[in-house]
There are 2 protein chains.
Amino acid sequence: MSVPQRVAGREGPGGKAETILAAAERAFLARGFGAVSMDAIAREASVSKATVYAHFTSKEELFGAVIAHVSERRFGGFSAEALDPVDIAASLTTIATRFLDLVLAPEVIALNRIIIGEVTRFPVLAQVFWTAGPERMREQLEAFFRRAGAAGTLVIPDPRQAAEQFAALARGEIHLRGLFRVEEPTDSTVLSVAAANAVATFLRAFQA
Amino acid sequence: MSVPQRVAGREGPGGKAETILAAAERAFLARGFGAVSMDAIAREASVSKATVYAHFTSKEELFGAVIAHVSERRFGGFSAEALDPVDIAASLTTIATRFLDLVLAPEVIALNRIIIGEVTRFPVLAQVFWTAGPERMREQLEAFFRRAGAAGTLVIPDPRQAAEQFAALARGEIHLRGLFRVEEPTDSTVLSVAAANAVATFLRAFQA
DNA sequence: GTCTATAATTGGATAGAC
DNA sequence: GTCTATCCAATTATAGAC
């Protein structure tokens, strides 16, 4: 399967294609690829199955469109550019909190699950997600650590490695727990504590 | 679905049940739950489909048996008890290497993928895996860090948190990359470097 | 573009003979 | 316990009318 591609002509929001995409998004994120039928999507979008096929040539293509759409929407806004590398503890706490808030969001966890589960069948979709998500976030972190190294607030011999380790500490065990559904959706106190722990350990290892 | 349970009577290794289980293991780990049919499993085990059903009451049950079996076999041997908490750098390197060797093994990555992908349908299987794998490994690490704290080689205010952070640093980005199949199966040099980096950062944060 | 109706195939599970 | 043959439900995809 290649990169998702609409079949019908241009169409504004509120059109059938949007409705179908939104219905497919809900269904796939909630139940996965295999457990969702085109019938179910058509039903949820209140259109006929033939109409679904008029807009998307196959179930695989519709799936690809959903993945690309959600990835872009969720990760597009993540940035560390506005943060001050001098006030390092506060900035790291902010960024860790934003990071966790994003990667632990139920929708993002669901997206992770579905892509990981189908990576054998749809390797390109995993690439799309990876580039839009983890890679983009790592680049943002990396740029921040480069600035912090230059400002002398942190000792950063390898910005990329620092970014990876910071992200790893932030994810900690809690991210895996989310993927394996070992606990309820994470509340904000747990999230704050996790962020603070990650920052504390990271600072002990990298502070000037 | 509950914990897997054989249907047929006692049977030694080399019996049909073993053959079927092995075939199902190969198939599920390679292609996931949804993409594998009972026909395919029967074919790969060189028995009829009716024979498969004589030993396992349903596809779900067979799947559960596979997950429990592989989890136990792969994680059962992980231990940190023999390691010396005084020679801390060497011990941590050993344990990080063992840890990565295990969690990055293709079979274990495949197991992760399949469980994460089906966690919505089979939450109990995720629990079985979690207890046999991540939880067991964390307990081993935690016990080691408790000893290291007592020996005075590390400063460990919270052994459990230390264990989680060490595991997180070891997994780093490389584990996620494996799950999303962003790169080829990890070779042993990459693995050694990842282990060394994790240990170095951890020591800067926790060494006495 | 959208619908109803249906084709074509697959897949989980079982009946009945041995 | 094991096989062959089959049932039945579900699913992807399309034909043809409007």
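So that the names make sense, note that chain A is the first sequence line, chain B the second, and so on, each numbered from 1. In this text, all values refer to a predicted model and were calculated from it rather than measured experimentally.
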Requested in this report: With the side chain counted from C-beta on, respond yes when A:Leu154 and A:Leu203 share a heavy-atom pair under 4.5 Å apart, and no when they do not.
Outcome: yes
Query raised in the report: Side-chain contact, heavy-atom cut-off 4.5 Å: A:Asp39 with A:Lys49?
Result: yes
[X] has a side chain; which of [options] sits nearest to it?
X       : options                : value
A:Ala50 : D:dA13, C:dT14, D:dA15 : D:dA15
A:Ser58 : D:dC3, D:dA13, C:dA13  : D:dA13
B:Lys59 : C:dG12, C:dA15, D:dA15 : C:dG12
A:Ser48 : C:dA15, C:dT4, D:dA13  : C:dT4
B:Lys49 : C:dG12, D:dT4, C:dT2   : C:dG12

Requested in this report: Would you classify A:Val36 as touching base, sugar-phosphate or nothing, given that sugar-phosphate means primed atoms plus P, OP1 and OP2, and contacts are heavy atoms under 4.0 Å?
Outcome: sugar-phosphate
In whole angstroms, how far is the [atom2] atom of [N] from the [atom1] atom of [X]?
X       : N      : atom1 : atom2 : answer
B:Met38 : D:dA9  : CE    : P     : 19 Å
B:Phe63 : C:dG12 : CZ    : P     : 13 Å
A:Tyr53 : D:dT11 : OH    : P     : 12 Å
A:Arg43 : C:dT2  : CZ    : P     : 19 Å
B:Phe56 : C:dT14 : CZ    : P     : 16 Å
B:Ile20 : D:dC3  : CD1   : C1'   : 13 Å
A:His55 : C:dC3  : NE2   : C1'   : 12 Å
B:Asp39 : D:dT6  : CG    : P     : 15 Å

Query raised in the report: Is a donor-acceptor pair below 3.5 Å formed from side chain B:Lys16 to base D:dG1, judging by atom type as modelled?
Result: no
Report task. Determine the minimum heavy-atom distance between B:Phe56 and B:Ala65, stating which atoms define it. Result -> CE2-CB, 4.1 Å
Query raised in the report: When you check the phosphate oxygens OP1 and OP2 of D:dA10, does a side-chain N or O of A:Ser37 lie under 4.0 Å from one of them?
Result: no
Requested in this report: Please work out whether the ring planes of B:Phe28 and B:Phe33 are parallel, tilted or perpendicular, with thresholds of 30° and 60°.
Outcome: parallel
Query raised in the report: Regarding A:Thr94 and A:Thr97, is there a side-chain donor-to-acceptor distance under 3.5 Å anywhere?
Result: no
